[in-house]
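Working notes, structure below.
On a predicted model such as this, the values are computed, not experimentally measured, just so you know. Remember, it's 1-based here, ligands and their atoms both numbered in the order they're listed. Basis for what follows: all heavy atoms, side chains included, without hydrogens, waters or symmetry-related copies.
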Amino acid sequence: MEKEKFTSRFGAIMATASGAVGLGNIWKFPYMLGQNGGGAFLLVYIVCVICFGLPLMITEFVMGKSSGQSVRGAYQTLAGNNRWNFVPILTCLTVMFITGFYLVITGWCVKYFWISIVDGAWLQSMGGNIVCSLVAALISMGVLWMGVNKGIERLSKIFMPILLVLLVVLIVCVLLLDGAGKGLSFLFAFDASKITSRTVLNALGQCFYSLSIGMGALITFGSYIPKKQNVASTAAEIVGIDTLVAIMAGCAIFPAVFAFGISPEQGPQLVFSVLPAIFGQMPGGQIVSVLFYFLLCIAAITSAVSLLEVLVASLMDLTEKRPRPISRHKGLIYAGAACLLISVLCTLSLSADNKWLILGGKTLFDWVDIITSNFLLPIIALGTVVFFGWFVDKKVMHEEMAPYYGKQKWTMNVYYFLIRWCFPGLILLIALNSIGLL
Ligand code: PHE
């Protein structure tokens, strides 16, 4: 059967950008920035995105586009043998756990959105949290059920622009508050003394997460990019949108935080407990809070969609040549059920009553996060750069890029210098930083 491709350049950009724009931009970026020195972190982050994020996004796109396959097929086709299969297998396992974890937080977004409209005290219970994750999972599965064009592409073409408009509306509301200016100066004032090696490594890790690098999503979406589309400019636009949304989220959050005299260093609860308190005291706070949590839900659900698609596409590719290939719908049910199970277990582990889900003082929820982001993701990212830099014929990249760069061969030399010599070391440093060894 002929594989689905995105119908247009715009569709491809919207679909991939809405997968990349997610909790990483609106939940994680603001609190990371708050904890890592404001404007200094922003500048380091932008440098990381350009020097590190963009070339890696292009790499994953090329892997998907040139092979026309999702993660597992891409490695096999490009390697010409089975020796690298451990990377895609690890990727799928990791993505399954990350999706379970992501659905828990997406569930919180749904919960706060719900609470901002009606007062539902029961939603705060364990059952309420599980129902909210279930709602998030079912919506994501509904989108995937309709396929790449009618589901993912169509939905993102509607939701991505809505998300941008909502963000602008929110920024305007928040900037009208007294004392909002202090928030903006925190975000944009650059103080070089705040840059430490920790800031740089945190910014690098955040750049990975926010651009969806190293999780197979970009390889999978790359395989849907039409043959004639330039992957480098596509990636540049997606990186631009992703970074813009992160900065806009900062502009919507910090002015409110400063206007109410709260310290910006709140950590992960910034969006889920500090903001509701602020909205409660703000004039027109209820409308602002409905808008904000709706925006967060859109961002999170479209990213959950892109994560689940990695699993669905892999199941379909893997069984493509078998007598009874797995259809999109069947694959979706298997993948969705596995991720939902993980997500329910993670939520249950957050209650002290469920001691069987708590190990060494940490909950299953914490463990999934620690193991995936500190160990599995760096191994996969390292596998990807070493594989593409050293083991894939340079012709693959040349053929993809030649029509666009003309005679500017130096870009290719810079690219190979980065991917062969710099990136493996940098990924190791990020990993050591997140384990706490640096
Ligand atoms: N980039 C997404 C975010 O910012 C997370 C994500 C990672 C989504 C990998 C899909 C694949 O939240």
Below 4.0 angstrom, N of the basic side chain to O of the carboxylate: do E309 and R328 qualify?
yes
Ligand-protein N/O pairs under 3.5 Å (ligand 1):
from	atom 1	to	atom 2	distance (Å)
ligand 1	1 (N)	A20	O	2.9
ligand 1	1 (N)	Y209	O	2.9
ligand 1	1 (N)	S210	O	3.0
ligand 1	1 (N)	S212	OG	3.0
ligand 1	4 (O)	A20	O	3.0
ligand 1	4 (O)	G24	N	3.2
ligand 1	4 (O)	N25	OD1	3.2
ligand 1	12 (O)	L23	N	3.0
ligand 1	12 (O)	G24	N	2.8
ligand 1	12 (O)	Y102	OH	2.6

Relative to each other, are the rings of Y293 and F279 parallel, tilted or perpendicular (30° and 60° limits)?
perpendicular
Verify the neighbour count for atom NZ of K227: are there more than 12 heavy atoms of other residues, nucleotides or ligands below 6.0 Å?
yes
Thinking salt bridges, do R9 and E237 make one under a 4.0 Å N-O criterion?
yes
Might you confirm whether atom CZ of R420 has over 12 heavy atoms from other residues, nucleotides or ligands at distances under 6.0 Å?
yes
Chi angles and distances behind the side chain to side chain donor-acceptor pair (under 3.5 Å) call for D317, S70:
CA-CA 7 Å; D317 274 0; S70 70; 2.8 Å; yes
